[in-house]
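In what follows, every heavy atom counts, from backbone to side chain, and hydrogens, waters and symmetry copies are set aside. Residue numbering restarts at 1 for every chain, and letters A, B, ... go by the order of the sequence lines.
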Number of protein chains: 2
Amino acid sequence: MTTRSKSTASEKTTSFQGQKAAQQRQTRDKILAAATRVFADYPYHSASIRMIGKAAAVDHPLINYYFPTKAALFEEVLKNETEKYYLANISWFAGLAELSPAKGLSLYIDRFFGFALKNRAALRIITLNLVQAENAMIIPGYKRIQGFFSRTAQTFMQAIPLQGSKREIKMFTTNFNTLAINYLGADTYYAGIMGMEPGSRRYLKWVKENLMYVFLPQLKQIVGGQGPG
Amino acid sequence: MTTRSKSTASEKTTSFQGQKAAQQRQTRDKILAAATRVFADYPYHSASIRMIGKAAAVDHPLINYYFPTKAALFEEVLKNETEKYYLANISWFAGLAELSPAKGLSLYIDRFFGFALKNRAALRIITLNLVQAENAMIIPGYKRIQGFFSRTAQTFMQAIPLQGSKREIKMFTTNFNTLAINYLGADTYYAGIMGMEPGSRRYLKWVKENLMYVFLPQLKQIVGGQGPG
DNA sequence: AGCAGATTTTAACGACCGGTAAAATCTGCT
DNA sequence: AGCAGATTTTACCGGTCGTTAAAATCTGCT
């Protein structure tokens, strides 16, 4: 694709053991990164191998050299992003057990937002592919997207001492995640409705206010005597 | 496409004024109905004219005879469905002003569910096309989808005497609609998470319980002294 | 320098897409 | 019966899709 600089003698002499492997991993990672960007902007069936190739500055058949199929590439991206989210989600609970529900929830949301702003891809890929078409055109890794919610519920239960029933807790986390993911993952849409700019401080403030307003009472009910968010 | 029964003499004699126009409207409606079904299953860019043709048992170029472009067809479907929803939404408020918040909200949700079960398309089309890709591939009628939420907020304010600020009310309706549309429009996904059957009584019960649990306290705050849902 | 294998590029495949043009058919009318 | 116009079917256009095969290039090694 790009006119490659012919290797000179000097380059050759500087070569060391493992450079080839490093180079290979570099290309693969470049493709993976580009795929993550593209899949964060287009749902699976609208994103194309050629788009990804262009985004990675690579001829598109090279993608098939590193990844057998588009589905396999998507699944790897999805696995990376959901895993990243899962680990981040665990970290957001650190130290929350000692706070009041109000302060705990507030801090949790702040941490959530911090992650979401730096890792657009994770939330976007979920929102873009969550709503599914008929069984005919299921999305690869669909179960992984579904598992997403269940895992956050488990994390919640392990991180915070709770009173409510398991059913109640799953209801709470599902509601929270559904609203949060919609507002952050489909920010263009919802900010548009509210007459705000998608990434703006004002919009984020609105989302937080919203989440606090809706979920603080529910949280107080779930948490034992004093507790977290 | 289908082998057409050659018109016989008897058929000719029974023809009356307006039959041709009726026949034309019939084909157009058949296409429109098929398009509604297809667009309720696939997002705009995944649905195809050929799919719709097959669903309507019609050769696909015939669609272009009645609708100039795919975009125009989609916009007409979208207009019909959002209008249907809008009018239904108004009717759900009838008689609610005299009820308590709890009874009012419960009845409102029941009416909502009744509509959603009979008119899958309206909610599905919205959920499938709400989350947007980059500006590059905007969906025709996107503003109409966005207007959807604003109109329900207005209906709410006109139907029920309220106390809260306009901002608060819009927050309430946006939250409610977002959750309700997700749970009903993407029922395959959420029912799957909860280990239930998408259309089942059990799942609908869960959704209603959920909505009541989240929004009843918020509603009580918005409604004046006594009030509706 | 020249070989072997890894990597990249080029070219092409069959399938589907939205849309168009022209041929075929049907319909209502004289 | 035969014409005119509406409707439907057939054939095709240029374009994009995922994937494959083969050619070209690069790399590390002797």
Side-chain angles (χ1 to χ4, degrees), chain A residues 1-31 35 38-39 42-54 56-75 136-137 140, chain B residues 1-31 35 38-39 42-54 56-75 136-137 140:
Chain A
M1 172 138 214
T2 52
T3 55
R4 190 164 26 201
S5 59
K6 316 273 173 173
S7 64
T8 64
S10 65
E11 279 176 353
K12 270 183 187 170
T13 55
T14 59
S15 70
F16 59 95
Q17 187 265 349
Q19 179 174 314
K20 192 171 74 179
Q23 179 66 30
Q24 182 177 188
R25 205 174 326 113
Q26 199 177 308
T27 304
R28 213 188 109 99
D29 287 353
K30 195 168 66 174
I31 292 170
V38 171
F39 283 131
Y42 301 91
Y44 176 74
H45 288 105
S46 294
S48 81
I49 291 286
R50 283 171 170 85
M51 277 184 203
I52 295 167
K54 192 166 282 185
V58 142
D59 287 308
H60 78 267
L62 189 58
I63 295 170
N64 283 99
Y65 178 74
Y66 287 101
F67 304 90
T69 60
K70 177 186 174 185
L73 173 56
F74 180 74
E75 291 205 64
M137 63 187 307
Chain B
M1 173 141 215
T2 52
T3 55
R4 190 163 26 202
S5 60
K6 319 272 175 173
S7 65
T8 65
S10 64
E11 277 176 354
K12 271 183 187 171
T13 54
T14 58
S15 71
F16 58 94
Q17 188 265 352
Q19 178 174 314
K20 193 169 72 179
Q23 179 66 28
Q24 181 175 192
R25 205 173 329 112
Q26 198 177 309
T27 304
R28 213 187 109 99
D29 288 353
K30 194 169 66 174
I31 292 170
V38 170
F39 283 131
Y42 301 91
Y44 176 73
H45 288 105
S46 295
S48 80
I49 291 286
R50 282 170 168 86
M51 277 184 204
I52 294 167
K54 192 166 281 187
V58 144
D59 288 306
H60 79 266
L62 190 59
I63 294 170
N64 283 99
Y65 178 75
Y66 287 101
F67 303 91
T69 61
K70 177 186 172 184
L73 174 55
F74 180 74
E75 292 205 65
M137 62 189 306

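Residue contacts shown for Ala72(A) are absent, as no nucleic acid heavy atom lies under 4.0 Å away. Counting any heavy atom pair closer than 4.0 Å across all strands shown, Ala47(B) reaches sugar-phosphate atoms only and no base atom.
Note that the CD1 atom of Ile63(B) and the CZ atom of Arg50(B) stand 10.0 Å from one another [nearest 0.5 Å].
Between Arg28(B) and Phe67(B), the shortest heavy-atom contact is NH1-CE2, 3.5 Å. Residues Lys30(A) and Ala57(A) approach most closely at NZ-O, 4.4 Å, considering heavy atoms. Pairing each heavy atom of His60(A) with each of Ile49(A), the nearest pair is O-CG2, 3.8 Å.
One atom, CD1 of Ile49(A), and another, C1' of dG18(D), lie 7 Å apart when rounded to the nearest Å. If you take CG of Leu62(B) and C1' of dT20(C), they are 14 Å apart, rounded to a whole angstrom. Between the C1' atom of dA24(D) and the OH atom of Tyr65(A) lies a distance of 14 Å, rounded to the nearest Å. dC17(C) atom C1' lies 12 Å from atom OH of Tyr44(B), rounded to whole Å. Rounding to whole angstrom units, NE2 of residue His45(B) and P of dC17(D) are separated by 12 Å. The distance from atom NZ of Lys70(B) to atom P of dC16(C) is 15 Å, rounded to the nearest whole Å. Atom OH of Tyr42(A) and atom C1' of dT16(D) are 14 Å apart (whole Å). The separation between Asn64(A) atom CG and dT9(C) atom C1' is 14 Å, rounded to whole Å.
dC29(C) is paired with dG2(D) under the criterion used here, namely a Watson-Crick or G-U wobble arrangement in which both key atom distances are under 3.5 Å. dT7(C): Watson-Crick or G-U partner is dA24(D), with both key distances under 3.5 Å. For dT16(D), the paired nucleotide is dA15(C), the pair qualifying as Watson-Crick or G-U wobble because both relevant distances are below 3.5 Å.
A close approach under 4.0 Å does occur between a side-chain nitrogen or oxygen of Ser48(B) and OP1 or OP2 of dC17(C). Side-chain nitrogen and oxygen atoms of Thr27(B) include at least one within less than 4.0 Å of the OP1 or OP2 phosphate oxygen of dT8(D).
Candidate nucleotides dG18(D), dA21(C), dG18(C) were compared by shortest atom distance to the side chain of Arg50(A), and dG18(D) ranks first. Among dT20(D), dT8(C), dT7(D), the nucleotide with an atom closest to any side-chain atom of Tyr66(B) is dT7(D). Counting only heavy atoms from C-beta on, Thr69(B) has its side chain closest to dG19(C) among dG19(C), dT20(D), dT8(C).
The aromatic rings of Tyr44(A) and Phe39(A) lie parallel to each other, with less than 30° between the two planes, well short of the 60° mark.
One cannot find a donor-acceptor pair under 3.5 Å joining the base of dG18(D) and the side-chain atoms of His60(A).
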